[in-house]
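Note that ligands are numbered from 1 as they come in the structure, with each ligand's atoms numbered from 1 the same way. Along the sequence shown, residues are numbered consecutively beginning with 1.
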Amino acid sequence: MPFALAIHGGAGTMRQTDISAEQEATLLAGLGQALDAGLAVLTAGGSALDAVTVSVCALEDNPLFNAGRGAVFNAAGQVELEAAVMDGRERRAGSVTGVQRVRNPVLLARRVMEATPHVTLGFAAADAFAEQQGLPLADASYFHTQERWDALQSELARQRAGGTDADVSEQIKHGTVGAVALDIHGCLAAATSTGGRTAKMAGRIGDTPVIGAGTWADDLVAVSGTGHGESFIRCAAAHEVASRVRYIGQPLGDACDEIVFGQLVEIGGSGGLIAVDWEGHVAMPFNSEGMYRAAVDAWGNRSIAIYR
Ligand code: ASP
């Protein structure tokens with residue numbers, strides 16, 4: 001049986017002219033490393049669930065991406081991290097929102113799935129659960145990166161000057177990491193993790209932990225999204241991809257295009273998604289300038305890219 005894996009590190013306005021050759025090399029290396037971590041699991045016969053978990057952990061540990069260590073700040077100058085996992089075999093799912101002390105929110109989401117009767121846990125109680133489960137914790141300084149702090153200050157200044165959401169640089173607002181995989185046993189899984197959007201209201205919940213919006217996996221398709229979370233929720237974006245494949249037999253790429261270039265665009269939602277199907281096809285469309293992404297499909301085609 002073939003396997004396939006795709007990862008993303010967020011979508012947004014990444015113009016080649018804004019990113020130095022050195023930054024680009026570092027970003028591509030980070031993507032390659034996260035991809036290889038998941039591939040090592042799959043080539044050893046491991047599960048899609050384990051593969052997406054390790055790939056997302058690698059991206060969470062990398063300060064360049066908006067998740068875990070490199071998470072953006074909310075309007076109160078704090079991180080509120082969100083993550084989700086879904087195991088397509090039995091449609092088991094777990095997610096967390098508003099956590100502030102967990103090093104790898106994706107591990108906590110998985111613990112919610114595996115060790116509680118619930119799907120979603122939030123805020124201080126979710127942090128307390130992480131502590132009780134013995135997951136690695138971190139204090140606020142671990143999540144403090146100068147670049148994210150500066151982005152918050154300039155976004156707050158822009159808002160004070162009367163700027164609207166429409167004219168903000170999508171790169172400042174955006175980011176999320178995710179992975180989708182098919183394993184040699186024919187199982188699919190998805191995982192997503194994010195700091196959300198810079199200067200979001202404290203307590204805001206985005207699409208990442210909403211199962212069916214930013215994250216979905218069943219026996220046919222696994223999907224992880226990145227972009228304007230409110231739009232992904234209003235489109236039930238990830239689940240909509242799966243429904244199109246299941247009920248009208250659309251090829252994966254067409255189903256993803258309908259959502260990314262159709263439904264999301266219709267409501268002004270920018271972003272993209274990665275998806276894999278039961279045969280190992282991979283789709284990674286985005287309607288923004290770029291999306292950090294990497295994949296190996298069932299036929300061994302490997303790609304790592306940022307721009308269109
Ligand atoms: N979807 C994330 C959110 O809205 C952000 C992003 O992917 O850019 O929280």
Task: Sub-3.5 Å N/O-N/O distance, Thr226 and ligand 1 - done: yes
Open item on the list: Which of the numbered atoms in ligand 1 are under 4.0 angstrom from any heavy atom belonging to Arg197?
Closed with: 4 (O)
TODO: Kindly give the cluster partners of Ile259, where membership spreads through any ILVMFWY side chain lying under 4.5 Å from a current member.
DONE: Val180, Leu182, Leu188, Leu220, Val221, Val223, Phe232, Val241, Val245, Leu252, Val260, Phe261, Leu264, Leu273, Ile274, Val276, Trp278, Val282, Met284, Phe286, Met291
Open item on the list: Checking contacts here: is it the side chain or the backbone of Asp207 that comes within 4.0 Å of ligand 1, counting heavy atoms only? Could be both or neither.
Closed with: side chain
TODO: May I ask you to check if ligand 1 and Thr176 share an N or O to N or O distance below 3.5 Å?
DONE: yes
Open item on the list: Test your reading of the structure: does Gly206 have an N or O sitting under 3.5 Å from an N or O of ligand 1?
Closed with: no
Open item on the list: In the structure I gave you, are the side-chain heavy atoms of Val96 and Val112 within less than 4.5 Å of one another anywhere?
Closed with: yes
Open item on the list: Just to check, does Gly10 reach to within less than 4.0 Å of ligand 1 when the distance is taken from its heavy atoms?
Closed with: no
TODO: Compare all side-chain heavy atoms of Lys200 with those of Glu80 and state whether any distance is below 4.5 angstrom.
DONE: yes
Open item on the list: Tell me whether Gly227 has any N or O atom under 3.5 angstrom from an N or O of ligand 1.
Closed with: yes
Task: Numbered atoms and elements of ligand 1 in range of Gly196, under 4.0 angstrom, heavy atoms - done: 5 (C), 9 (O)
Task: Nonpolar side-chain network containing Val119, other nodes, edges under 4.5 Å - done: Met86, Ile211, Trp216
TODO: Return a yes/no value for Arg204: is any of its N or O atoms, backbone included, closer than 3.5 angstrom to an N or O of ligand 1?
DONE: yes
TODO: Could you tell me if any non-hydrogen atom of Gly175 lies under 4.0 Å from any atom of ligand 1?
DONE: yes
Open item on the list: Can you confirm if the NZ or CZ of Arg103 lies within 45° of the ring axis of Tyr142 and under 6.0 Å from the centre of its six-membered ring?
Closed with: yes
Task: Under 3.5 Å side-chain donor-acceptor pair for Thr208 and Thr192 - done: no
Open item on the list: Are Ile306 and Phe65 connected into the same hydrophobic cluster when the rule is that any two of I, L, V, M, F, W, Y join if their side-chain heavy atoms are below 4.5 Å apart?
Closed with: yes
